[in-house]
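Below is one structure; the comments refer to it alone.
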Amino acid sequence: MFTLTKATDVTTGDLAEAYSFPDSDRPVVRANMVTSLDGSSAADGKSGPLGSANDNAIFHLQRALADVIVVGAQTAIDEGYRPPTVDPRFADLRLSLGLSPVPQLILVSRSLRIPADYPTLASPLVRVATCTDSPANARRALIEDGQATLLYCGEKTVDLHLLIDRIANDGGRRILCEGGPRFLAEMTSVGLLDELALTVSPALVGGDGPRIAHGVRLSPPAAMRIRHVMGDDDGFLYQLWERVAGHVVSGSD
């Protein structure tokens, strides 16, 4: 086990190698999530209180390694997402990989229950993935008042395979999914999740918070295998899992 003793140990060296996306001729989808010891994805309704300085550094490192960040729109609103940036610690690493200066951000929503005054919408780095049957009045408000750019992926609901294809057609190969739990479960249920970067927080939170994948029953369970486990002196565990090749998952409500 590689041991991190303090936040300043989290630099671009071994961590950048450990969390690098695999070379692939197709898009690679990795989720980044945090959980408490008792399985909750949030404390007081947000994931932030479960994190740490090292977790935050790994979070920003993975963003620096990604072409595109995808997240459920409600999670983005709840967590106060802003247009993506690259942590200065990892800017040179990103440029050395030949990536754009900043990753794109795609918010995913079928209902489009997004406040039109949500300032993140106006950024040219941000798009909203939805479907053609989404509420017309919400579409108009987001486009006219929020200056949002909509990306249509499907008719009745957001077709996640089509979304990933659209990202790939735009040159995106390293795709980072930041949840929330329902969106992660949906991505997994249609066989799109390739990797899971998971932080386990040394905390019990109780309550009825959702697990990191919540809502869609995965049958059979999605089989994963460990790529690495790291820990720090504060008791946090940092894990990277990959999908077992050839394992097929389907989902049901």
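In this text the structure is predicted, and so the values were computed from the model without any measurement.
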Distance in Å, [X] [atom1] paired with [Y] [atom2], rounded so as to fall on 0.5 Å steps:
X: Leu150; Y: Leu142; atom1: CG; atom2: CG; value: 6.5 Å
X: Leu160; Y: Ile164; atom1: CG; atom2: CD1; value: 7.0 Å
X: Ser47; Y: Glu79; atom1: OG; atom2: CD; value: 3.5 Å
X: Leu97; Y: Phe90; atom1: CG; atom2: CZ; value: 12.5 Å
X: Phe236; Y: Asp55; atom1: CZ; atom2: CG; value: 7.0 Å
X: Ile212; Y: Leu198; atom1: CD1; atom2: CG; value: 5.0 Å

Do [X] and [Y] have side chains that get closer than 4.5 Å, going by heavy atoms?
X: Cys131; Y: Glu155; value: no
X: Val244; Y: Met224; value: no
X: Pro22; Y: Val28; value: yes
X: Val71; Y: Phe183; value: no
X: Arg110; Y: Pro135; value: yes
X: Arg174; Y: Leu99; value: yes
X: Val34; Y: Ser41; value: no
X: Tyr238; Y: Val229; value: no

>> Between Arg127 and Leu107, does the side chain to side chain contact (heavy atoms under 4.5 Å, CB included) criterion hold? Intermediate values first, please.
In response: CA-CA 6 Å; Arg127 292 182 289 174; Leu107 310 181; over 6 Å; no
Whether [X] side chain and [Y] backbone form a donor-acceptor pair below 3.5 Å:
X: His60; Y: Arg89; value: no
X: Arg94; Y: Ser100; value: yes
X: Ser134; Y: Leu112; value: no
X: Glu242; Y: Ile226; value: no
X: Asp159; Y: Cys153; value: no

>> Can you pull out every ring pair (Phe, Tyr, Trp, His ring centres under 6.0 Å) where at least one residue sits in residues 209-228? Sequence neighbours excluded, please.
In response: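 Residue pairs with at least one partner in residues 209-228: Tyr19-His228.
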Under 6.0 Å from the [atom1] atom of [X], do we count more than 12 heavy atoms belonging to anything else shown?
X: Asn137; atom1: CG; result: yes
X: Arg82; atom1: CZ; result: yes
X: Arg211; atom1: CZ; result: no
X: Asn169; atom1: CG; result: yes
X: Asp92; atom1: CG; result: no

Could you point out which residue of [options] forms a side-chain contact (heavy atoms from CB on, under 4.5 Å) with [X]?
X: Leu93; options: Leu65, Val86, Leu15; answer: Leu65
X: Arg30; options: Ile175, Leu196, Leu176; answer: Leu176
X: Leu163; options: Leu151, Thr130, Leu192, Val68; answer: Leu151

Heavy-atom closest pair, residues [X] and [Y]:
X: Thr149; Y: Val126; answer: CB-O, 4.1 Å
X: Asp38; Y: Ala203; answer: OD1-O, 3.8 Å
X: Ile77; Y: Pro115; answer: CD1-CD, 3.6 Å
X: Pro84; Y: Val102; answer: O-CG1, 3.1 Å

>> Suppose we screen for side-chain hydrogen bond (donor to acceptor under 3.5 Å, both in side chains). Which residues come up paired with Ser109, at least two apart in sequence or across chains?
In response: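 In terms of side-chain hydrogen bond (donor to acceptor under 3.5 Å, both in side chains), with neighbours along the sequence ignored, Ser109 is linked to no residue.
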> Who are the side-chain hydrogen bond (donor to acceptor under 3.5 Å, both in side chains) partners of Thr120, not counting sequence neighbours?
Replying inline: none
Looking at [Y] and [X], is there a salt bridge between them, counting it only when a charged N and a carboxylate O are closer than 4.0 Å?
X: Arg173; Y: Asp67; result: no
X: Asp194; Y: Arg26; result: yes
X: Arg243; Y: Glu195; result: no

> Just checking, any donor-acceptor pair under 3.5 angstrom between side chains of Asn54 and Ser52?
Replying inline: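 Their side chains do not contain a donor-acceptor pair, so the 3.5 Å distance test is not met.
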> Are Glu178 and Met33 close enough, and set up right, to give a side chain to side chain contact (heavy atoms under 4.5 Å, CB included), and what steps lead you there?
Replying inline: CA-CA 7 Å; Glu178 294 181 350; Met33 303 292 285; 6.0 Å; no
> Side-chain heavy atoms under 4.5 angstrom apart, residues restricted to Ile, Leu, Val, Met, Phe, Trp, Tyr: same cluster for Leu105 and Val108?
Replying inline: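 Different clusters.
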> How far apart are the C-alpha atoms of Leu50 and Thr35, what are their side-chain angles, what is the distance that settles it, and do they pass the side chain to side chain contact (heavy atoms under 4.5 Å, CB included) test?
Replying inline: CA-CA 7 Å; Leu50 293 174; Thr35 181; 5.8 Å; no
> Can you list the steps and then say if Ile58 with Thr199 is a side chain to side chain contact (heavy atoms under 4.5 Å, CB included)?
Replying inline: CA-CA 9 Å; Ile58 292 171; Thr199 294; 5.7 Å; no
